[in-house]
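A short worksheet on the structure shown next.
Everything numeric here is computed off the predicted structure, so don't read it as measured data.
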Amino acid sequence: MRSNLDVYIVGSGMTSLGKFPDRPVREMTGMALAKALADAGLENAASIEAAWFSNTRQALLEGQNGIRGEVALRPNGITGIPITNVENACASGSTAFYNAVAFLRAGLGEVALVIGAEKMFFPENREGMFRAFRGSTDTLQFDSQIEALLSLAKDMPIPEGVEPASERSVFMDIYAAFARYHMARFGTTQRQIAAVASKNHRHSTMNPDAQYRFDMTTDEVLADKPVSWPFTRAMCAPISDGAAAMMLCTGSALKRFDAARAVPVGACALVSSSDRHPDDLDNHVGRRAALRAYAQAGVGPEAMSLAEVHDATAFAEILQIENLGFCARGEGGAFTESGATALGGRIPVNPSGGLLSKGHPVGATGILQLHELVTQLRGEAGARQVENARWGIAENGGGFLGHEEAATTVTILGGK
């Protein structure tokens with residue numbers, strides 16, 4: 001039975017993703033906001049009672065810190081209301097969403113805005129672009145932390161003669177260490193990891209807003225430029241600019257919107273890292289967040305119609321589909337290679353193209369994932385539409401602490 005404090009997504013919009021050196025954050029914010037308002041059937045932002053703004057790069061690369069949301073939203077007509085700035089590494093957008101949902105469920109308001117915008121491409125400061133990722137680790141213990149993470153891969157050494165890319169995020173080395181650990185422990189192959197990237201590139205050809213819209217075979221992925229073994233460039237998310245926005249409301253305010261297109265929020269769980277043993281994958285932050293979300297929604301992985309997961313690298317998708325319970329621990333590579341996670345398969349994963357091919361503007365990524373779920377659950381995804389989509393789940397991880405992401409959000413939408 002519908003409650004007045006149930007939460008619904010009633011408007012959703014995103015910009016196209018890519019590299020836009022002449023497009024400032026406030027402009028991308030305005031573009032995404034306009035799309036979300038129009039999608040909600042609103043002519044202006046007058047009904048918004050509170051807003052959450054996510055961004056991770058402005059302070060580091062542009063010197064705009066402290067009041068990023070107020071600065072970005074003011075020229076777009078949003079003033080006078082509570083504006084909360086959210087930064088939680090790559091999980092910033094989903095963390096903003098988590099807080100907006102909590103605000104509405106607490107009865108503090110009836111209509112809220114969640115918006116994320118990120119400008120990551122600065123061709124005149126390429127060193128700064130890659131150095132910015134270090135801030136999503138423990139900077140005071142950076143060297144010892146990286147050494148500990150890399151030690152996980154001791155049983156799967158890098159093949160002789162394979163050189164890493166000269167320009168790369170430190171996260172690619174971290175994910176590569178996790179991948180080699182998984183390969184040594186479970187027999188996952190480089191080809192299975194490449195199959196993830198090939199699938200997501202194929203999916204993105206059907207997404208008009210994706211940064212990359214070209215297909216790649218598994219062999220082409222494997223032959224691409226090396227980044228950090230076992231990853232090639234096609235297995236790593238690109239540097240991206242873009243924004244996404246969502247309008248949320250309570251059940252009591254749903255009558256103001258088109259209820260037929262409203263998407264219910266079934267669950268939203270935010271979990272931080274723990275000091276688990278690296279072999280204790282059943283207590284991985286992503287697994288704990290998934291179990292909490294399933295418990296909130298009252299459904300399990302078998303009910304999900306599709307998923308958007310945080311494939312900052314192709315291996316990350318393999319790990320997260322295991323955490324979400326779509327296959328047994330250690331079987332994510334084979335499960336992907338079987339076609340089960342492709343459109344038309346048992347559980348389509350990243351039909352948007354994922355971070356690998358759709359793009360990864362860090363502060364907007366979590367909202368972009370939810371935008372894809374909303375589009376699919378409304379039956380409006382066009383050529384990439386998942387048939388009879390009823391439930392969707394999104395996993396969004398950020399930063400690294402210990403042997404896992406520092407924070408992970410798992411959100412479940414749908415069920416009406």
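Between K358 and L17 there is a side-chain heavy-atom pair separated by less than 4.5 Å. At a threshold of 4.5 Å between non-hydrogen side-chain atoms, the residues E380 and R261 count as touching. Residues V265 and L104 form no side-chain contact, since every pair of their non-hydrogen atoms from C-beta on lies 4.5 Å or further apart.
Here the CD-SG distance, from E118 to C90, works out to 9.0 Å after rounding to the nearest 0.5 Å. Taking CE of M14 as the reference point, atom CD of Q369 lies at 11.5 Å (rounded to 0.5 Å). One distance of note links CG of L61 with CG of N125; it measures 6.0 Å at 0.5 Å rounding. Here the OG atom belonging to S240 is positioned 9.0 Å from the CG atom belonging to L368, to the nearest 0.5 angstrom. Atom CG of N55 and atom CD1 of I115 lie 11.0 Å apart (nearest 0.5 Å). The distance from the CE atom of M172 to the CZ atom of R233 is 14.0 Å, given to the nearest 0.5 Å.
Sorted by first and then second residue, the pairs that involve residues 72-86 and meet side-chain hydrogen bond (donor to acceptor under 3.5 Å, both in side chains), not counting sequence neighbours, are E70-N85. Sorted by first and then second residue, the pairs that involve residues 74-107 and meet ring pair (Phe, Tyr, Trp, His ring centres under 6.0 Å), not counting sequence neighbours, are W52-F103. The stretch residues 15-28 participates, sequence neighbours left out, in these side-chain hydrogen bond (donor to acceptor under 3.5 Å, both in side chains) pairs: S16-D209. The ring pair (Phe, Tyr, Trp, His ring centres under 6.0 Å) analysis of residues 338-377, with sequence neighbours excluded, yields the pairs H310-H360. Applying the ring pair (Phe, Tyr, Trp, His ring centres under 6.0 Å) rule to pairs touching residues 209-239 yields H201-F214, Y212-F214, sequence neighbours excluded.
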Practice problem: Give the C-alpha distance, both sets of side-chain angles, the deciding distance and a yes or no for side-chain hydrogen bond (donor to acceptor under 3.5 Å, both in side chains) between S228 and D173. | Solution: CA-CA 6 Å; S228 186; D173 292 337; 2.7 Å; yes
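Ring geometry, H182 versus F186: the interplanar angle falls from 30° to 60°, so the pair is classed tilted.
In this structure a side-chain-to-backbone donor-acceptor pair under 3.5 Å is present from T95 to A91. A donor-acceptor contact shorter than 3.5 Å is absent between the side chain of D311 and the backbone of A316. Of the possible polar contacts, none joining the D6 side chain to the G251 backbone as a donor-acceptor pair under 3.5 Å is found.
In D275, the CG atom is not crowded: 12 or fewer heavy atoms of neighbouring residues, nucleotides or ligands sit closer than 6.0 Å. Within 6.0 Å of CZ on R276 lie more than 12 heavy atoms contributed by other residues, nucleotides or ligands. More than 12 heavy-atom neighbours from other residues, nucleotides or ligands sit within 6.0 angstrom of NZ on K255.
Partner of I48 under the side chain to side chain contact (heavy atoms under 4.5 Å, CB included) criterion, out of L42, L73, I83, L113: L113 alone.
Judged by distance alone, the side chains of Y181 and D279 do bring a donor and an acceptor atom under 3.5 Å apart. Side-chain N/O atoms of N350 and E317 include a donor and acceptor closer than 3.5 Å.
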Using distance only, find each side-chain donor-acceptor pair of residues 139-149 under 3.5 Å and give its atom names and separation, not counting sequence neighbours.
| from | atom 1 | to | atom 2 | distance (Å) |
| --- | --- | --- | --- | --- |
| Q141 | NE2 | D138 | OD2 | 3.4 |
| S144 | OG | Q141 | O | 3.1 |

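With respect to the salt-bridge test (charged N to carboxylate O, under 4.0 angstrom), the residues R378 and D39 qualify.
In this view, S272 satisfies the side chain to side chain contact (heavy atoms under 4.5 Å, CB included) rule with no residue, not counting sequence neighbours. Residues passing the salt bridge (Lys or Arg N to Asp or Glu O under 4.0 Å) test with R256, sequence neighbours excluded: E110. For D282, the salt bridge (Lys or Arg N to Asp or Glu O under 4.0 Å) test picks out R329, with sequence neighbours left out. E127 pairs by the salt bridge (Lys or Arg N to Asp or Glu O under 4.0 Å) definition with R131, not counting sequence neighbours. Shown here are the ring-ring contact (aromatic ring centres under 6.0 Å, His included) partners of F335, two or more places apart in sequence or in another chain: there are none. Here E405 pairs with nothing under the salt bridge (Lys or Arg N to Asp or Glu O under 4.0 Å) rule; sequence neighbours left out.
Annotation: F178 is not in aromatic contact with F171 [ring centroid separation under 6.0 Å not met].
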